[in-house]
Amino acid sequence: MGYFQVFLLLALVPGSTGLDNGLLRTPPMGWMAWERFRCDIDCRKDPTNCISEKLFRDMADRLSEDGWRELGYEYVMIDDCWMSMQRGSDGRLQPDPDRFPGGIANLARYIHDRGLKLGIYADMGSATCMGFPGTTLDKVELDAQTFASWGVDYLKFDGCHSNAIEQSIGYPLMSKALNLTGRPIAYSCSLPAYIGGLPPNVNYSYLGNICNLWRNYDDIEDSWASVQSILDWFSTNQDDLQPAAGPGHWNDPDMLIIGNFGLSLDQAQAQMALWAIMAAPLFMSNDLRTLSADARAILQNRVAIGINQDPRGIQGRRLLQELGHIEVYWRPLSHSANALVFLSLRQDMPYLYRNSLANLNFPAGSFEAYDVFSGKTLSGLTDHTIFTVSINPSGVVMWYVYPVTQPPRPPKDTGRYPYLRKKYRMS
C-alpha cells in the first residue's frame, strides 16, 4: 500500500483525528537545542554544553532575563538524547539520571516559574534518530500521559526507525492521546519530511486537523547553503505548501541558526526576514549565553517579529525571480499592511534594484515603507513610484509597507506604526 493510500485510509477512520487544543494561533517562538548542541552527552568532558538539565536551565534563565520572553520567545525545547537508554520498570520513558538528576517534572517547574514553557522530543519508531528509546504504537498513550504528568507544553514527534504504515497510524494516534490527557500540549509532527513533503504523499488538509505544525523538508545545517536550499524548496513548492499554513497549523522550515558560525551578518538578517515572511516558527538554536550583540539585535527585531506573528497567519510567497539574481518575497498582513523582502543571491557587490509597487501587484494608492533593519522610512510612495533599494550580496532589504490613508494615520503621540508599535514597543 502506498504512502497516500495509507494516509487517506487513516483520514477516514472515525476517531483517528482530533487535534483540538486551541494552541499556536501564531507561529511558536523559543529556543531549541538540536542544531547548536546536537547529541553532546559527555558531561564530564563538556559540562557547559552537554545535553543536561543545566543547559536547559541556563537557556531558560537567558530567555527570562535578557528580554526574549517579552518578545514572544517562550518555549525551551529539549531535542533528542535526553533519555536514558532504557525505559523504566513501569514502561515509561525516563531521563538520563546523571544528566537530568532532578527529572523532567522538576525542570518543567523551573521553566514555568520563569514564565516559559517546556517542549520535549520523542520519536514515532523503535528508536529515536540517535538510538534512544522510541515510541512504538503500543506506547503512544503511555508516553502522552507521561509528558502531561511532567508538565510538558509541546511535543516534537520525529519519525526515525518507523515505516509508512506505522507513521500514518502513530501520528494521529498521538494527537488523540495528547488531547485525552487534558493538558494543552502543542504538537509538532515530522511526518511530511519522511514521505517527500508534498502531495499526493502528504494530505495537508488532513494533517492540519491532527498537528499544530510539521517539518516538511531537510534539517537545517549551520550554513548559508542550507538556508538557501530550504528557502528554494519552500518557494518552488509554495502553491502546495502556502495554503496549508494558518493559525494553529504551520509549515516548519526548521530552526534559526543566527548567532552560530555559518552565517554572515547579512545572511543572518536574510534568514530572519525570510522566516518572518514564511510565517515560520522562530526557534533559535544557538548559545544565548555568548550571543553577539549583532545577532541579538536581529533576533530581537520587534518589527520582524511582529510581521512573523501577524494574526492573519497568511504565509508569504516568492513573487519574482529576476535575471540579476534578485528575488522578491511578499506577505499580506493585518490592517492592509504588507511585508516585502528583496533578497540578493549575488556574490559580487551591493546591487541597486529598481521596481514599483504596481509591478508587485499593489493596488493604486499612496504608501509608506519602513525598512525593518535600518529603521528608516520611505515616504511619498505611490503604486507607480520607481524606487531603488541597495541589497548587499546574500543579504536582504525588508520593508513593512502600509497605505497612508487606510487605516487613518495615528495621533502623533502613538508613532507611525501603531499596530506593530502597540505590541512590540517600537522606539
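For this chain, numbers begin at 1 and follow the sequence in order.
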Would you say [X]'s side chain and [Y]'s backbone share a donor-acceptor pair under 3.5 angstrom?
{"X": "Ser84", "Y": "Gln94", "answer": "no"}
{"X": "Asn286", "Y": "Asn260", "answer": "no"}
{"X": "Ser226", "Y": "Asp222", "answer": "no"}
{"X": "Glu166", "Y": "Asn163", "answer": "yes"}
{"X": "Arg302", "Y": "Leu71", "answer": "no"}
{"X": "Trp275", "Y": "Asp254", "answer": "yes"}
{"X": "Arg183", "Y": "Gly151", "answer": "yes"}
{"X": "Tyr73", "Y": "Met284", "answer": "no"}

Give every donor-acceptor pair under 3.5 Å between a side-chain atom in residues 125-136 and any protein atom, sequence neighbours left out.
residue : atom : partner : partner atom : Å
Thr128  : OG1  : Asp80   : OD1          : 2.9
Thr128  : OG1  : Asp80   : OD2          : 3.1
Thr128  : OG1  : Met130  : N            : 3.3
Thr128  : OG1  : Gly131  : N            : 3.3
Thr128  : OG1  : Phe132  : N            : 3.0
Thr135  : OG1  : Asp143  : OD2          : 2.7
Thr136  : OG1  : Asp138  : OD1          : 2.6

Looking only at the side chains, is there a donor atom on one of [X] and [Y] sitting less than 3.5 Å from an acceptor on the other?
{"X": "Tyr194", "Y": "Asn201", "result": "no"}
{"X": "Tyr204", "Y": "Asp240", "result": "no"}
{"X": "Gln309", "Y": "Thr26", "result": "yes"}
{"X": "Tyr353", "Y": "Glu322", "result": "yes"}
{"X": "Asp266", "Y": "Ser394", "result": "no"}

Sorted by first residue and then second, give each disulfide (SG to SG under 2.5 Å) pair with at least one member in residues 216-309; sequence neighbours left out.
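Residue pairs with at least one partner in residues 216-309: there are none.
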Any disulfide (SG to SG under 2.5 Å) involving residues 206-264? Give me the pairs, sequence neighbours left out, ordered by first then second residue.
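Residue pairs passing disulfide (SG to SG under 2.5 Å), neighbours aside: Cys189-Cys211.
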Would Ile51 and Phe56 count as a side chain to side chain contact (heavy atoms under 4.5 Å, CB included) if you check the C-alpha gap in whole Å, the side-chain angles of each, and the deciding distance to 0.1 Å?
CA-CA 8 Å; Ile51 302 301; Phe56 296 102; 4.0 Å; yes
Got a salt bridge between [X] and [Y], using NZ or NE/NH1/NH2 to carboxylate O under 4.0 Å?
{"X": "Arg317", "Y": "Asp239", "result": "yes"}
{"X": "Asp79", "Y": "Arg38", "result": "no"}
{"X": "Lys54", "Y": "Asp58", "result": "yes"}
{"X": "Arg289", "Y": "Asp287", "result": "yes"}
{"X": "Arg318", "Y": "Asp232", "result": "yes"}
{"X": "Arg346", "Y": "Asp348", "result": "yes"}

Smallest separation among heavy atoms of [X] and [Y], with atom names:
{"X": "Asp123", "Y": "Gly159", "value": "OD2-N, 3.4 Å"}
{"X": "Ala304", "Y": "Val372", "value": "N-CG1, 3.8 Å"}
{"X": "Thr377", "Y": "Glu368", "value": "CG2-OE1, 4.1 Å"}
{"X": "Arg62", "Y": "Asp66", "value": "NE-OD2, 2.6 Å"}
{"X": "Val396", "Y": "Ala273", "value": "CG2-CB, 4.0 Å"}
{"X": "Gln271", "Y": "Ile257", "value": "OE1-N, 3.1 Å"}

Interatomic distance, Arg87 atom CZ to Leu142 atom CG [nearest 0.5 angstrom]
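With rounding to 0.5 Å, CZ (Arg87) is 6.5 Å from CG (Leu142).
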Less than 4.5 Å apart, side chain to side chain, heavy atoms only: is that true for [X] and [Y]?
{"X": "Leu213", "Y": "Asn251", "value": "no"}
{"X": "Tyr402", "Y": "Tyr370", "value": "no"}
{"X": "Leu357", "Y": "Leu340", "value": "yes"}
{"X": "Trp214", "Y": "Leu191", "value": "no"}
{"X": "Phe37", "Y": "Cys81", "value": "no"}
{"X": "Asp153", "Y": "Ile111", "value": "no"}
{"X": "Tyr351", "Y": "Phe342", "value": "no"}
{"X": "Met272", "Y": "Leu282", "value": "yes"}

Could you tell me which residues satisfy side-chain contact (heavy atoms from CB on, under 4.5 Å) with Asp96, sequence neighbours excluded, listed by chain and number?
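Scan of Asp96 (side-chain contact (heavy atoms from CB on, under 4.5 Å), adjacent residues dropped) gives Asp98, Arg99.
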Single hit among Asn216, Thr236, Val202 for side-chain contact (heavy atoms from CB on, under 4.5 Å) with Leu241:
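The option that passes is Asn216.
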Going by the side-chain contact (heavy atoms from CB on, under 4.5 Å) test, name the single residue among Arg331, Gln238, Gln242 that passes it with Gln315.
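Of the listed residues Arg331, Gln238, Gln242, the side-chain contact (heavy atoms from CB on, under 4.5 Å) partner of Gln315 is Gln242.
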Could you check Ile78 against Tyr121 for side chain to side chain contact (heavy atoms under 4.5 Å, CB included), going step by step and ending with a plain yes or no?
CA-CA 6 Å; Ile78 303 173; Tyr121 170 100; 5.5 Å; no
Applying ring pair (Phe, Tyr, Trp, His ring centres under 6.0 Å) as the test, list every pair that has at least one member in residues 74-100; sequence neighbours left out.
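Qualifying pairs: Tyr75-Tyr154, Trp82-Trp150.
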Pairs in or reaching into residues 218-266: which pass ring pair (Phe, Tyr, Trp, His ring centres under 6.0 Å), with residues at least two apart or in two chains?
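Residue pairs with at least one partner in residues 218-266: Tyr217-Trp233.
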For atom CD of Gln145, is the number of surrounding heavy atoms from other residues, nucleotides or ligands below 6.0 Å larger than 12?
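For Gln145, atom CD is crowded (more than 12 foreign heavy atoms under 6.0 Å).
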